[in-house]
Amino acid sequence: MRVKQIADALDISVDTVRYYTRIGLVVPNKSHNGYKYYRPADVTRLRFILSARSLGFSVNDIKEILVTSSQTNAPCPTVRGLIEKRLKETEQRYQDMHELRERMRLATSEWQNKPDQPPTADTICHLIEGFTALKS
């Protein structure tokens, strides 16, 4: 299978296939003319990579899982540990975004009836500099 064929088979871009090939997660065969040929095992591997990415695993996580798997060890304990770590990080980002959203709503409300003012020697934008709910 050539790069276009594997991309079409997985409904992804050729750039995605090339990216995972370039970083070594997929290693196709090379022919005498320099073309890269992908095997059915490469399709399976790419499908796994795409599924892992959709669950929030990083490229480094996937490398770790693949290394564990290549040593004929069950990667499940590694996968469980990594997903718990990614979930914790995601929950923290969610909380941070929720707090930002609330600050933005408060700013929008607070600034709604404030007049426009040009910058001065002491201020650039009085709306931002006078905002009471700035997070430090």
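Of the possible polar contacts, none joining the D96 side chain to the R93 backbone as a donor-acceptor pair under 3.5 Å is found. A distance-only check finds a donor-acceptor pair linking the side chain of T90 to the backbone of R86 [under 3.5 Å]. Using modelled atom types, one side-chain atom of R45 and one backbone atom of L25 make a donor-acceptor pair closer than 3.5 Å. At distances below 3.5 Å, not a single donor-acceptor pair connects side-chain atoms of D8 with backbone N or O atoms of Q5. Judged by distance alone, with hydrogens and angles left aside, the side-chain atoms of R2 form no donor-acceptor pair with the main-chain N or O of I6 at under 3.5 Å.
Ring geometry for Y35 versus Y37: interplanar angle over 60°, hence perpendicular rather than tilted (30 to 60°).
Both L50 and I83 sit in one connected hydrophobic cluster of ILVMFWY residues. Membership requires side-chain heavy atoms under 4.5 Å apart, directly or through other members. Two different hydrophobic clusters hold L55 and L87 under the rule that ILVMFWY side chains link at heavy-atom gaps under 4.5 Å. A single hydrophobic cluster is not seen to contain both M104 and L127; linkage of ILVMFWY side chains at heavy-atom distances under 4.5 Å, directly or through other members, places them apart. Follow the hydrophobic side-chain contacts under 4.5 Å out from V27 and you never reach I12; the two are in separate clusters.
Looking at I49 and R53, their side chains come closer than 4.5 Å, going by heavy atoms from C-beta outward.
The two residues L82 and F57 come nearest to each other via the heavy atoms CB-CE2, 3.6 Å. L10 and R47 make their closest contact through CD2-NH2, 3.5 Å (heavy atoms, listed as atom of the first residue, atom of the second, distance). The heavy-atom pair separating D42 from P28 by the smallest distance is OD2-CA, 4.0 Å. The shortest non-hydrogen separation linking T21 to Y38 is OG1-OH, 2.8 Å. Across all their heavy atoms, K4 and V14 have their closest contact at CA-CG1, 3.8 Å.
The distance from atom NE2 of H98 to atom CZ of R103, rounded to the nearest 0.5 Å, is 11.0 Å. To the nearest 0.5 Å, the span separating CD on E129 from NE2 on H126 amounts to 9.5 Å. To the nearest 0.5 Å, the span separating OH on Y20 from CG on D15 amounts to 12.0 Å.
For K114, the NZ atom counts as densely surrounded, since its 6.0 Å shell holds more than 12 non-hydrogen atoms of other residues, nucleotides or ligands. Heavy-atom contacts from other residues, nucleotides or ligands closer than 6.0 Å to CG of N29 number more than 12.
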Could you walk me through whether Q92 and E89 pass side chain to side chain contact (heavy atoms under 4.5 Å, CB included), step by step?
CA-CA 5 Å; Q92 183 61 56; E89 292 168 355; 5.8 Å; no
Would you please test Y19 and V59 for side chain to side chain contact (heavy atoms under 4.5 Å, CB included) and show each step?
CA-CA 11 Å; Y19 170 73; V59 168; 3.8 Å; yes
Sequence neighbours excluded and cut-off under 3.5 Å, please list the side-chain donor-acceptor pairs for residues 63-71, or say none.
residue	atom	partner	partner atom	Å
T68	OG1	E64	O	3.0
S70	OG	L66	O	3.4
S70	OG	V67	O	2.8

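Using a 3.5 Å distance cut-off with no hydrogens or angles, the side chains of E91 and Q95 do not pair a donor with an acceptor.
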